[in-house]
Amino acid sequence: MKLVYVFDAYCGWSHGFSPTLHEVASRHPELTVDVVSGGLFTAERRVPIREFGYVQGANARIRELTGAEFGEAYDRLIADGSFVMDSEAAARGVAALRQAAPTRAMELAAAAQRAFYLDGLSLSDTATYRKIAEQNGLDADAVAAAFQASAARAAAEADFARTAELGVEGFPTLLAVDGDRVTTLAHGHATVDEVERRLVAFVAARTA
């Protein structure tokens with residue numbers, strides 16, 4: 001059995017869910033966690049952020065429910081409104097970081113989200129991944145090269161395809177997967193205790 005975390009680096013609810021995911025994972029070191037980029041802002045949704053009029057209201061709700069922080073640099077992006085969130089580029093960046101340190105994928109995905117939501121950095125810029133790599137003790141040149149490589153584009157497409165195969169339509173979604181059996185542990189927002197109860201029920205059903 002393993003956990004599959006489907007998120008988007010440009011999803012505020014995924015940013016808010018990160019501490020919950022880390023706590024759940026720390027309680028279950030026996031479970032691997034697959035980190036999959038979902039592709040929230042692609043194609044016709046790749047537009048200036050001002051066109052998503054709900055962002056500031058959603059962020060207030062995320063902050064209220066999860067305690068997530070949003071930095072001043074990010075707030076300036078929202079106020080300006082011209083920034084374009086490109087989930088395909090973000091997924092390539094997450095894939096490059098994941099390739100550099102596969103066992104730290106969850107931690108590095110959260111780092112990418114902090115780069116955007118706290119520091120206001122674009123997840124389309126190679127420099128952002130250089131900074132994340134340096135902050136996390138990775139080879140910045142290797143990560144930058146991987147972000148630009150065709151393999152990262154293929155990895156992003158594979159992530160989007162896997163998201164569709166899993167039937168995930170909202171982010172974040174945390175799944176427990178055991179062979180052909182799949183259950184949703186969290187969708188959007190959930191506390192650690194709620195995830196734990198669902199996981200215990202899933203395991204109990206498996207062994208009944």
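Note: hydrogens, waters and symmetry copies are ignored here, and every other heavy atom, side chains too, is used.
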- Message: With salt bridge (charged side-chain N to carboxylate O under 4.0 Å, His left out) as the rule and sequence neighbours excluded, what pairs involving residues 43-53 come up?
- Response: R46-D86
- Item | Distance in Å, Y117 OH paired with C11 SG, rounded so as to fall on 0.5 Å steps | 6.0 Å
- Between R61 and E64, does at least one N-O distance fall below 4.0 Å, as a salt bridge requires? yes
- Test item: side-chain donor near acceptor, T191 and D193, under 3.5 Å: no
- Item | Nearest heavy atoms of A101 and L138, plus distance in Å | CB-CD2, 3.9 Å
- Answer with yes or no whether the hydrophobic clustering places W13 together with F52; edges join I, L, V, M, F, W, Y residues whose side-chain heavy atoms lie under 4.5 Å apart. yes
- Query: Honestly curious: do V47 and V84 fall in one hydrophobic cluster under the side-chain, below-4.5 Å linking rule?
  - Reply: no
- Message: Do L123 and R92 have side chains that approach each other closer than 4.5 Å (heavy atoms only, starting at C-beta)?
- Response: no
- Message: Checking one residue: F202. Which other hydrophobic residues are in its cluster under the side-chain 4.5 Å linking rule?
- Response: M1, L3, Y5, F7, F17, L21, V24, L31, V33, V35, V94, M106, L174, L185, V192, V195, L199, V203
- So, does H15 use its side chain to make a donor-acceptor pair with the main chain of E69 at under 3.5 Å? yes
- What do you reckon, is CD of E196 surrounded by more than 12 foreign heavy atoms closer than 6.0 Å? yes
- Closest heavy-atom pair and its distance - S124, Y10: N-OH, 4.0 Å
- Task: With sequence neighbours excluded, tell me which residues meet ring pair (Phe, Tyr, Trp, His ring centres under 6.0 Å) with F147.
- Result: Y129
- Message: Which heavy atom of A133 sits nearest to which heavy atom of A140, and what is that distance?
- Response: CB-CA, 3.7 Å
- Message: Please determine whether side chain to side chain contact (heavy atoms under 4.5 Å, CB included) holds for the pair D119 and R114, giving the CA-CA distance in whole Å, both sets of side-chain angles, and the decisive distance to 0.1 Å.
- Response: CA-CA 7 Å; D119 300 333; R114 287 195 299 275; 5.8 Å; no
- Message: Tell me whether the rings of Y74 and F116 are parallel (<30°), tilted (30 to 60°) or perpendicular (>60°).
- Response: perpendicular
- Task: Output the distance between atom OG (S37) and atom CD (E88), rounded to the nearest 0.5 Å.
- Result: 10.0 Å
- 4.5 Å side-chain heavy-atom contact, T20 and H189: no
- Item | Nearest-0.5 Å distance that lies between atom OG in S87 and atom CZ in F171 | 8.0 Å
- Query: Hey, does K2 have a side-chain heavy atom less than 4.5 Å from the side chain of D34?
  - Reply: yes
